[in-house]
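Since we're looking at a predicted model, the values are computed, not measured. Each chain gets a letter, A, B and so on, in the order the sequences are listed, and its residues count up from 1.
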Amino acid sequence: MDYEPQEIEPRWRQRWAEEGRYEADPGDEEATFITVPYPYPSGGMHLGHARTYTVPDVYARYRRLQGDNVLFPIGWHVTGTPIVGAVERLKKGEQAQLDSLQNAFGVPESDLKDLETPMGFARYFIEEADASYKRGMNSLGLSIDWRREFTTNDDRYSQFITWQYESLKDRGLLEKGLHPVKYCTEQENPVTTHDLLEGEDVEYQEYSLIRFSNEDVIFPMATLRPETVRGVTNAFVNTEATYVEATVDDESWIVSEEAAEKLGLQDHEVTVERTFTGEEIVGTTVENPVTGEEIIILPAEFVDPDSATGVVMSVPAHSPDDYVALQEAKDRADELEPYGIDPEAVRSIEPVPILSIEGYGEIPAQSAVEDAGIESSDDPELAEVTKELYNDEFHKGKLSESYGEFGGEVIADIRDELREHFQSEGAFGLMYDFPEPVISRAGGKVVVAFQDTWFLRYNDEEWKAKASRAVENLECIPDNTREQYTHTIDWLEEWPCIRNYGLGTKLPWDDDFVIEPLSDSTIYMSYYTVAHLIDDIPVEELDRRFFDTLFYGADAVENGDVPGVEESREPVERALELREEWEYWYPVDVRISANDLIQNHLTFFLFHHAELFDESNWPEGITIMGMGLLEGEKMSSSKGHVVLPGEAIEEYGADTVRFFLLNSAEPWQDFDWRGDLVGNTRDQLQRFWNRAQETIEADIPEDASEELEHIDEWLLSNLQTTIAETTDALDRYESRTASQTAFYQFEEQLKWYRRRADLDRPGAKWTLREVLRTRLRLLAPFVPFMANELYEQLTGEPAEEAAWPEPDPAFESPLVEVRESLVDSTTEDIHDIIDVTGTDPETVRIYVAPAWKHDVFETVRETGPDVGAVMGKVMQDEQLREKGDAVNDLVQDLVEYVRERDDETLAALGDVDEQAVYESATGFFEREFDAAVDVYDAGGDIEDPAGKADQAVPFRPAIHIE
RNA sequence: GCGAGGGUGGCUGAGCUUGGCCAAAGGCGGCGGGCUUAAGACCCGCUCCCGUAGGGGUCCCUGGGUUCGAAUCCCAGCCCUCGCACCA
């Protein structure tokens, strides 16, 4: 029977579906609960996703073979704006979106209209599309319990999330506050990264506003380097731009027109009193709030009125930009007279350094500009020089003594403190803005606005302490991720957990808001335990009391000791029944997720479990997964640089796809899907299949197992090692090591076995069948279609009905392995000699070391690798003493030999009858070298034409060819 | 700058935790052979240098060190990747 995955695989898919094979219900067996992030169907499924879900599947299948009752569920995450945004972009006919849908995911024109509602879009990629997740998951043979699927937009799920957030609020872990957000001035609405047309990567900056003043009028100047306040020599405004005088809160401010609008959105009361062009304030002098010095406002074209306040302070000693601008202003000082500026006053402006830094002159900006040979503000190198100087000053610059308590400190250490100091003194204000233009997809300018927002208080000390404890007992795979969780818990601050629109659950007490995706997915694993059993319960009955009963039990509800709920209440009968499901499955044994989610989602997952559930229900393990590359480059649905599981499975078969994904890298390493390598994997599987067929068809007598020879025992001994190593590797989630061991590494052993053994013997046939029977079970988690098919052909039942193999001590034999290693090394030696001499021998003579040499070996083995000690003992023997140097050389050799080997091997070597080993392999040697082979005892009266026999040492026979 | 992970033979990629059986697995590529009418597929062997006897030399980013012995441990340096921070 040929290997036809397209014929085999659909049969198994159908069987599994019909049997409900992977539907798991509570039972007597040990429960294993494996979860993976539910997919976000804002597009189709590609191969990167395929591995995400196949890794947990392999583990699930492994645990099932181990006898566990395994639950592997899946749901669908649709919360928030990405899907809504995708629909909007589609409806607008945006080309990038159409490309992604049609080219990357093969959506036909006729289906596009189905995608015009958010849930229609989601539903399409959940199950309808060719590239839908459900189709992909089924094709891959994932052992999912499909009864439990849901979406995060379902009413019942929302009731669950409502319970979660009401509980958290009662526990004081939610807080309302103002928060800077990206805000579209066109739609007058907050926007997310997905809503941006331009500037997706731009983060807003927190600018210090230095409150320069003229009389009662404030001229706030924005800077990201508040420590330079003492180095300001002048200011710049754009003469062409529009500025306003506005009442800001109770003060009079002069800023650009754009800045006035932004300030109005940042919790300031702003009334524009008067509008004028920048020209008007050129020449004005203003007072530095820190130094009290008067500085003059100069004109400059480069000032962008849409950046921060539109009034720029100049620090020529530390900003190459400012330094060059000031030089240019001096050169053209005479042109400033019409503004009422005295040219001499401009020419007399000198940079004022406020910090010292090694590697630069006294005026760092000057030396930086001069060293780079920059002469004009048009020089493209200026930006680079500026960046470099800023970096150096931040990390290495020491502030001058005029800063009092901050003097002598490195900027990086005191910038924040210094800013707060001047803020509290009233010298500084604060403003948020983007350093680059940001444009929304609606075409409007995006600015930073303050919005009322609800926060999760991840900075709560008690909560952090609980989360830290959850990490302590967590199995982190790989182990070096543990530190990252701890680190994240340490620095995590408040997290805004709502959005203004999108799919999902409304904030229970304010339905203007929706709970955002990273916040509505922290404990949903518990929902899987009952998801398939609550469809018949009316939505409104899934209330607070229901979930309290479900998760905390009747006692907690009756006694009113559910945190935040004071009155005693009746438990809900149905919830008590369901509680058994939850108690059976929980906690999550392992969460398998992506490494970039450690900093947010996975840590949130720990926080929420630590708060809402007892310690016994905290997650037990998290395994991290790496990313996928395609032919060496990052996969990207928007660029169409993806392979769809359906395409790959059609070309190679699901087993090949799975095997490649699991075997080419450990789960936490990045993998690279390369067509040539995948093709090779398919060929290997096919070869395995063909060999298996020979074994399945072989006619094996009943009593064949009684005719095992040494080489059969050797293979079986190796098989036991393979079982142990594969099991250990899978216990550590090392899918690559496990599959390499069970598949490729054992193939190497088989290669030797085939060369060595007479395969027509019943004993050999029996051995190969035994090997196949074991290997199919070891491989079943990886290639379930093939393994089940072959196992059924071999034994009459699928591999998944059988048990995971365990090493059989009866077949473990170091002695057998050591004996074979002697044959192997001798074979290699003979080959070497033949290769080097270039001869084709007719006779090969093998001389085994004589008994006295083996006696010396025994002495070395007993004494240990110490030449002096061994010689002392050996020389007590008169006969050996007579041999003199020969003994000395031998001891040197043997000490080396013993030092390099472990005790078990040495013990086995002590039991070996070397001559018998080579004699029994004579037939093999003769076939291998096509020559007559004779084995001699080097100590006997023997034929030794070249006088080689003396060279024999234990386990290294002398060899002569002729 | 901080944190994490790396630098291995033509390429890819194991080994490094637990130093010695490591000239260093496997795959790809290349070379030779078998099978075949032929190609492909498949099977076998070779693939750092020198060598007509199983040996020797050089080698795992660079330079030191520890050790009887280092790809593996320690120190210093260089370079790369990824996060974060910082930065008009």
Do His831(A) and Phe929(A) have ring centres separated by under 6.0 Å? yes

By the 4.0 Å heavy-atom rule, please label Gln205(A) as base, sugar-phosphate, or nothing. base

Find which nucleotide of RNA chain B each of Thr837(A) and Arg687(A) is nearest to by heavy atoms, and output the residue with the more 5' nucleotide. Arg687(A)

Within the 4.0 Å heavy-atom criterion, would you say Pro957(A) contacts the bases, only the backbone, or no part of the nucleic acid? base

Need one value for Asp683(A): base, sugar-phosphate or nothing, where a base atom within 4.0 Å counts as base even if backbone is also close, heavy atoms only. sugar-phosphate

Rounded to the Å, how far apart are Asp832(A) CG and A53(B) C1'? 9 Å

Once you round it to whole Å, what is the distance between C1' of A88(B) and CD1 of Ile374(A)? 14 Å

To the nearest angstrom, how far is Leu685(A) atom CG from C42(B) atom P? 13 Å

Rounded to the Å, how far apart are Asp893(A) CG and G69(B) P? 18 Å

Whether Asp306(A) and Lys262(A) form a salt bridge (side-chain N of Lys/Arg under 4.0 Å from carboxylate O of Asp/Glu) is what I want to check. yes

I'd like a list of close polar pairs between nucleotides 21-24 of chain B and the protein, N/O only, cut-off under 3.5 Å.
none

Assess whether atom CG of Asp930(A) is packed by more than 12 heavy atoms of other residues, nucleotides or ligands within 6.0 Å. no

base_contact_polar (C44(B) base, Arg755(A) side chain, donor-acceptor, <3.5 Å): no

Nearest-angstrom distance from the residue atom CG of Asp304(A) to C1' of A88(B): 11 Å

Using atom CD of Gln684(A) as one end and atom P of A25(B) as the other, report the distance to the nearest whole Å. 17 Å

Over-ring placement of Arg682(A) relative to Tyr652(A), 6.0 Å and 45° cut-offs: no

Using the C1' atom in both, what is the distance from C31(B) to U17(B), to the nearest Å? 39 Å

Could you tell me the separation between the CG atom of Asp835(A) and the C1' atom of U47(B), rounded to a whole number of Å? 13 Å

Looking for any heavy atom pair under 4.0 Å, which part of the strands does Glu828(A) touch: base, sugar-phosphate only, or nothing? nothing

Is any side-chain heavy atom of Phe746(A) closer than 4.5 Å to a side-chain heavy atom of Thr721(A)? no

Taking the nucleotide of RNA chain B with the closest heavy atom to each, which residue, Lys948(A) or Arg225(A), is nearer the 5' end? Lys948(A)

Would you mind checking if Glu962(A) and Arg845(A) are paired as a salt bridge, meaning a charged N to carboxylate O distance below 4.0 Å? yes

Rounded to the Å, how far apart are Asp672(A) CG and C11(B) P? 17 Å

Regarding Arg775(A) and Glu747(A), does a basic nitrogen lie under 4.0 Å from an acidic carboxylate oxygen? yes

